[in-house]
2 protein chains.
Amino acid sequence: MTEGSTTKAGKRGGVRGRIDKRQAILEAAFRIFARDGYGQSCVREIAAEANVAKPTVYNHLGDKETLFHEAMEAAVVRTVGRSLAALDRLREPEGEMRSALEETGHRLLKSHCSSESQALRGLLHAEGPRFPGLLKEAQRQGPQRVQDVLADRLARLALSGRLTITDPDQSSEQFLALLTAPLELRSRLGTRRVPDAELRAVARAATDTFLRAYGVGGAGERDGA
Amino acid sequence: MTEGSTTKAGKRGGVRGRIDKRQAILEAAFRIFARDGYGQSCVREIAAEANVAKPTVYNHLGDKETLFHEAMEAAVVRTVGRSLAALDRLREPEGEMRSALEETGHRLLKSHCSSESQALRGLLHAEGPRFPGLLKEAQRQGPQRVQDVLADRLARLALSGRLTITDPDQSSEQFLALLTAPLELRSRLGTRRVPDAELRAVARAATDTFLRAYGVGGAGERDGA
DNA sequence: CTAGTTTTGAACCGCGCGGTTCAGATACTT
DNA sequence: AAGTATCTGAACCGCGCGGTTCAAAACTAG
């Protein structure tokens, strides 16, 4: 990525043909890989999905492996942005802690459950062992970054006396755990679509527990309603 | 493992044995599938791993798909037992709540991080979408069962006044979330071996947070030491 | 021992894959 | 206009796969 516009940049694209083939190929590749898995995907079909001839694929990306590698990296970049954006709500939240956390959680979950995110995690899980470098990178600038940024936010909130956490990294890890882990089972490893109401419920439950443990006052804010 | 002392030595049999070929094949198949993924595995190699001729594989299990299906189901059965066993510690725990939860959590994590469990989850994640029936069954009698049994235990503890939870199912879900989710990142999706000390730390942190939220007294037991 | 079942190795088949080649079509540049 | 870089379709190659066949072997039962 980042070097997309080297030589052939900046054309206006007709609906067909002159768009940046490379990106079209990478997106199509990700779709096919996500659907069939790496081993079951064939380059032919990827080319078809991208509306491109097979040699074109091999011109832009020499190899099925590097095609996969590149398609995955692109997907990581696309995905991580949405998760990080969800955390913006936590910088200097105005209302009460509960609603800020709950909404942040809900946004994180929506990003987490987007079909692209789920497909990405599935593929990483599936082919990660065969692409250790890719896996490491993806984790570092994906979930790890989200967790770090959230830790920063939580630390600020603790400093301003709105949370009673002492280890922001651990709290961040655990808040994310309370959010995402339940989805594993509920979405059947990403196979089932989870209705938004359920996401909201999970976010609410996570926030509840988190505030019970780390809300101001130490006793947590028991919420009867 | 477990293949070392089979009963092949009973007769003058050479290298090949009279063991239940079928099980040997299933175990070998799981090993190869786990290592290479479904699409990249070839039956030839599975047969070799099982010390068996290729037609024998097709005699016992007619098809690569059903071979996979069956191997996975066997692995599920093998795995779930270990996790359920870890929960035994929670029936009428004698000491304090903290140590019981912590040790239970640690055992669950050890089971969760066993190479077989990790491989199983990886394969489910990888090929689940192509085997929806298998995925559903595996989830139902795997994680779902663990979560349900834990909920039972927690409910008993709440009833006897040792926890202040109101929704055992949710608490079970969240305790498991606090345990397993952090491992996703730390083990790099099961690629990295996590040292036992780290498992202990995660179990401790999970227990800490859980008790802060649901320990007796509502305020949770803040534990300095 | 005989009779019967299972396992074995090796050869075989058809197929679809990853990857390449090439001549011709297409689009941008000047 | 010509010139250049790219894209295209189709054919092609070699290979290894899933799956089968078969006759010889190994083992079991009686």
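Throughout, a chain's letter reflects where its sequence line sits, starting with A, and its residues are numbered from 1.
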OP1, OP2 of C:dT7 versus side-chain N and O of B:Thr56: anything below 4.0 Å? no
Is there a side-chain polar atom (N or O) of B:His60 under 4.0 Å from OP1 or OP2 of C:dT7? yes
Is the side chain of B:Thr79 donor-acceptor paired with the backbone N or O of B:Ala75 at a distance under 3.5 Å, no angle test? yes
Return the value, rounded to whole Å, for the distance between atom [atom1] of [X] and atom [atom2] of [N].
| X | N | atom1 | atom2 | result |
| --- | --- | --- | --- | --- |
| A:Asp36 | C:dC17 | CG | P | 10 Å |
| A:Asp20 | C:dC28 | CG | C1' | 14 Å |
| B:Tyr58 | C:dT7 | OH | P | 16 Å |
| A:Lys21 | D:dA5 | NZ | P | 18 Å |
| A:Phe68 | C:dG18 | CZ | P | 13 Å |
| A:Lys64 | C:dG16 | NZ | P | 15 Å |
| A:Asn59 | D:dG9 | CG | C1' | 14 Å |
| A:Ile32 | C:dG18 | CD1 | C1' | 16 Å |

By nearest heavy atom, map A:Pro55 and A:Gln40 onto DNA chain C; which one lands nearer the 5' end? A:Gln40
Pair A:Phe68 and A:Phe30, ring centroids less than 6.0 Å apart: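 No, ring centres 6.0 Å or more apart.
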B:Lys136 charged N/C atom sitting above B:Phe131 aromatic ring, 6.0 Å / 45°: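 Geometry flag: not set, cation outside 6.0 Å or 45°.
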Residues A:Arg78, A:Glu27: salt bridge by 4.0 Å N-O rule: no
Which is more 5' along DNA chain D, the nucleotide nearest A:Arg44 or the one nearest B:Gly62? Just name the residue. A:Arg44
Give a yes or no on whether a donor-acceptor pair under 3.5 Å exists between the nucleobase atoms of D:dG19, that is its base, and the side chain of B:Lys54.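 Yes, the side chain and the base share a sub-3.5 Å donor-acceptor pair.
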